[in-house]
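Reading through the structure tokens given below for one structure.
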Number of protein chains: 2
Amino acid sequence: MSIEDKQKPQRNDRVTIRTVATHAGVSVAAVSKVMRNAYGVSDALRARVTDSIEALAYRPSRAARGLRGRSFTIGVLLIDIRNPFLPEVIAGVNGVLAPSHYQAMIGVSDARVQLETSLIESMIDYKMDGLILVAPRLPSEILAKFAVQIPIVAVGYHDASATAFDTVNADDQRGAEIAVEALLACGYRDIEMLSLGERQGHAVSVVRQREIGFRRAMQRGGLGSSPAIGKIPIASPKREEAMRKFLSRKDRPRAVFCWSDLDAITLLSLAMEMGVRVPDDLAVIGYDNSPTAALGLVNLASIDQSGRELGQVATRALISRIEGRTASEHIFQIPSLVSRNSLTRSGNSTDR
Amino acid sequence: MSIEDKQKPQRNDRVTIRTVATHAGVSVAAVSKVMRNAYGVSDALRARVTDSIEALAYRPSRAARGLRGRSFTIGVLLIDIRNPFLPEVIAGVNGVLAPSHYQAMIGVSDARVQLETSLIESMIDYKMDGLILVAPRLPSEILAKFAVQIPIVAVGYHDASATAFDTVNADDQRGAEIAVEALLACGYRDIEMLSLGERQGHAVSVVRQREIGFRRAMQRGGLGSSPAIGKIPIASPKREEAMRKFLSRKDRPRAVFCWSDLDAITLLSLAMEMGVRVPDDLAVIGYDNSPTAALGLVNLASIDQSGRELGQVATRALISRIEGRTASEHIFQIPSLVSRNSLTRSGNSTDR
DNA sequence: GACGAGTTGTAGAACGTTCTCCATATAACG
DNA sequence: CGTTATATGGAGAACGTTCTACAACTCGTC
């Protein structure tokens, strides 16, 4: 009320918790209590404070919150923003988060381990409340080390033995089996898989899981003990080259299971260009059931794992962990087949 | 056990600036100076401190930094993560940021003004150093209000009169003109545009700009003073419905310019299903030159605006603004045509 | 030797929250 | 009326940085 007070208001025009406290005629601690709806607040006080908050349009500073307590933000780490499967996961996360007071911040690692590490560290340094890592590249021990500092749920990361963090996956082994079974049911016997040729592909990755499922289903179907699995490079000039080579092989198989729609669609495209008829000369089945696969022009049969659902489940798991759960959870979803013309002329879509 | 507890004032094992200071035998302020490489540090001191930082694997807390000074993070706001054009922008941003000490955090607004506002506020509350807003929905006055609190660069937002923030755009009017000119050059005269039917579509949006360019080029080509512009709803059941209706019109035009590849590709797909031959019955030209458009199966002619480049330019502009520039900049890029089979049989791709 | 100028390092006050005590007021009980 | 329990509000110490003063020391220079 004295001269000092008169001189102070000229500072910053940011509305802080102190501004609210002054406006409501209560202490800073009281305002904080109301915000966190902590114990020991009378209805009258609560009303007065919420009114002031409203009137001043006060928003707590996330930075300051993070310094002391929770920041009400969860970090999402994406390996690659181009894969059309990932937006679905985000949609699922945002859907669950929307009605809550949490918000998602996304980091994109471009599949570089270096960047992945530094993004995770940044998110920890921001004191985010939890992390959803989508198909991370880092080994399990490292993730476990991070998980000590912050709740973590890994999506598309097969490590059911992890105790420090949760995992949410579609059953990729089963998905591959379903694909093979569908091909067998259509009468194809000469089947190969086209997988991803990555250097750092560890056993926990979805790709390796799909390979395992592929092998098992092939053996179970009596098609040899070590079925052929071709590797497609990631980067662009070599990628198409490898596919063309595959398509022009004289001993090209009759059907192919492709690890991802991303590659399956390009394969379909190149097949058309090279005059290889689908499905008459080559049946193709992809993975992810991406929007593009559903296009009439493309009409690619694919294994559907609902990215949206994966995102939702992961978010719920993360929140429960943030709120105190310590035992780790490992959740599986069962994928399903979406049949289309690339599998057989009587797919579920238009056939001309 | 209890003794250990007593002796454990070491509390959390987090390495802070204080830990480093103790380890190096200097003051906290000295460490801070080295970090910020501020004036008044001897080589000897610097060496000692950097050694300690290295030895302790110290990372400054972003939360604490944000509370006081810069946080070395820039926020990117995406309207919609599904549009394949946006990942390109992100790639551009990350490319420029990678060698610097800045990092990008992404928020997804799903085109909801409410969420857009709250994400921007959150990013401000995190004391991020700057914001890149991609195709924001908020009106210019509101953005200007935010821009007082934080440096802002808007991408895909046509408001060259804004003084509070920068804009980076492809020249969408010109892009539409190029599309029309290409159609004219192929001999088509009966041309319509398919645009986006959005309620809140304000004049600054790229869509409206493309409409303006379309009209101007049509008039210039002597094709009427108010050429037809159809509107396609965003949401999924009505969207396809509107396209089918368009395709089955008896007075269907001979050529169509579509505001986005997203819709153009679906249109192509539906055209095939309905037996409308492209380009023989209907020529189509899209916008964005998305990866899918380039597929042999799709072969969609499209206007290319390099999203990557847009992202790069925007990031550089933002950094220069963070580092002190106050005069606003409004940058334009010129788009170009990528001709493919949907425009004419002699597109630049395979024609059989 | 006194004085300024320059250089190098430090103390300590912010920043805006959370949250643990602690003080006070009121109610309950004997 | 004491005494004790219980409900309510507040003081103030963190949290980990940044950054402004300022202290201390070294050189020249007059």
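Because only heavy atoms are used, hydrogens play no part in the values below, and waters and symmetry mates are left out as well, while side chains stay in. Quantities reported herein were computed from a predicted structural model and do not represent experimental measurements.
Distance A:Arg36 CZ to C:dT20 C1': 10 Å, rounded to the nearest Å. Remark: P of C:dA13 and CG of B:Leu67 are 17 Å apart, rounded to the nearest angstrom. Atom CG in A:Asp43 sits about 15 Å away from atom C1' in D:dG9, given to the nearest Å. Atom CZ in A:Arg62 sits roughly 21 Å away from atom P in D:dG16 (whole-Å rounding). Rounded to a whole Å, the CZ atom of B:Arg68 is 11 Å from the C1' atom of C:dG12. Rounded to an integer number of Å, the gap from A:Met35 CE to C:dT17 C1' is 10 Å. Rounded to an integer number of Å, the gap from A:Arg65 CZ to D:dA14 C1' is 17 Å. Between B:Met128 atom CE and C:dC15 atom P the separation is 22 Å, expressed in whole Å.
Without hydrogens or angle criteria, B:Asn83 side chain to B:Phe85 main chain gives a donor-acceptor distance under 3.5 Å.
Both A:Leu45 and A:Val28 sit near DNA chain D, but only A:Leu45 has its closest nucleotide nearer the 5' end.
Using a 4.0 Å heavy-atom distance criterion, A:Ala29 is classed as a base contact. Residue B:Arg46 is out of contact with every strand shown, counting any heavy-atom pair closer than 4.0 Å. Among the atoms of the strands shown, none is found under 4.0 Å from any heavy atom of B:Arg70. Within 4.0 Å of B:Lys33, counting heavy atoms only, lies at least one base atom of the nucleic acid. If you check every strand for non-hydrogen atoms under 4.0 Å, A:Ser32 touches a base.
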Practice problem: Apply the test side chain to side chain contact (heavy atoms under 4.5 Å, CB included) to residues B:Arg59 and A:Ile124: give CA-CA distance (whole Å), side-chain angles for both, the deciding distance (0.1 Å), then the verdict. | Solution: CA-CA 10 Å; B:Arg59 318 185 303 263; A:Ile124 293 175; 4.0 Å; yes
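Comparing atom distances between the B:Ser27 side chain and each of C:dC19, C:dG16, C:dT10 picks out C:dT10 as nearest. Among D:dG10, C:dT10, C:dT18, the nucleotide with an atom closest to any side-chain atom of A:Ile17 is C:dT18. Considering only the side chain of B:Val41, C:dG9 comes nearest among C:dG9, D:dG9, D:dG16.
Residue-environment remark: CD (B:Glu329) exceeds the threshold of 12 foreign heavy atoms within 6.0 Å.
For D:dT8, the OP1/OP2 oxygens have no side-chain nitrogen or oxygen of A:Tyr39 closer than 4.0 Å. Regarding contacts with the backbone of D:dC15, every side-chain N or O of B:Ser61 stays at 4.0 angstrom or more from both OP1 and OP2.
Screening B:Arg321, B:Arg325, B:Glu323, B:Met128 for a side-chain contact (heavy atoms from CB on, under 4.5 Å) involving B:Pro151 leaves a single residue, B:Arg321.
Side-chain contact check for A:Tyr126 versus B:Ser71: some heavy-atom pair is nearer than 4.5 Å.
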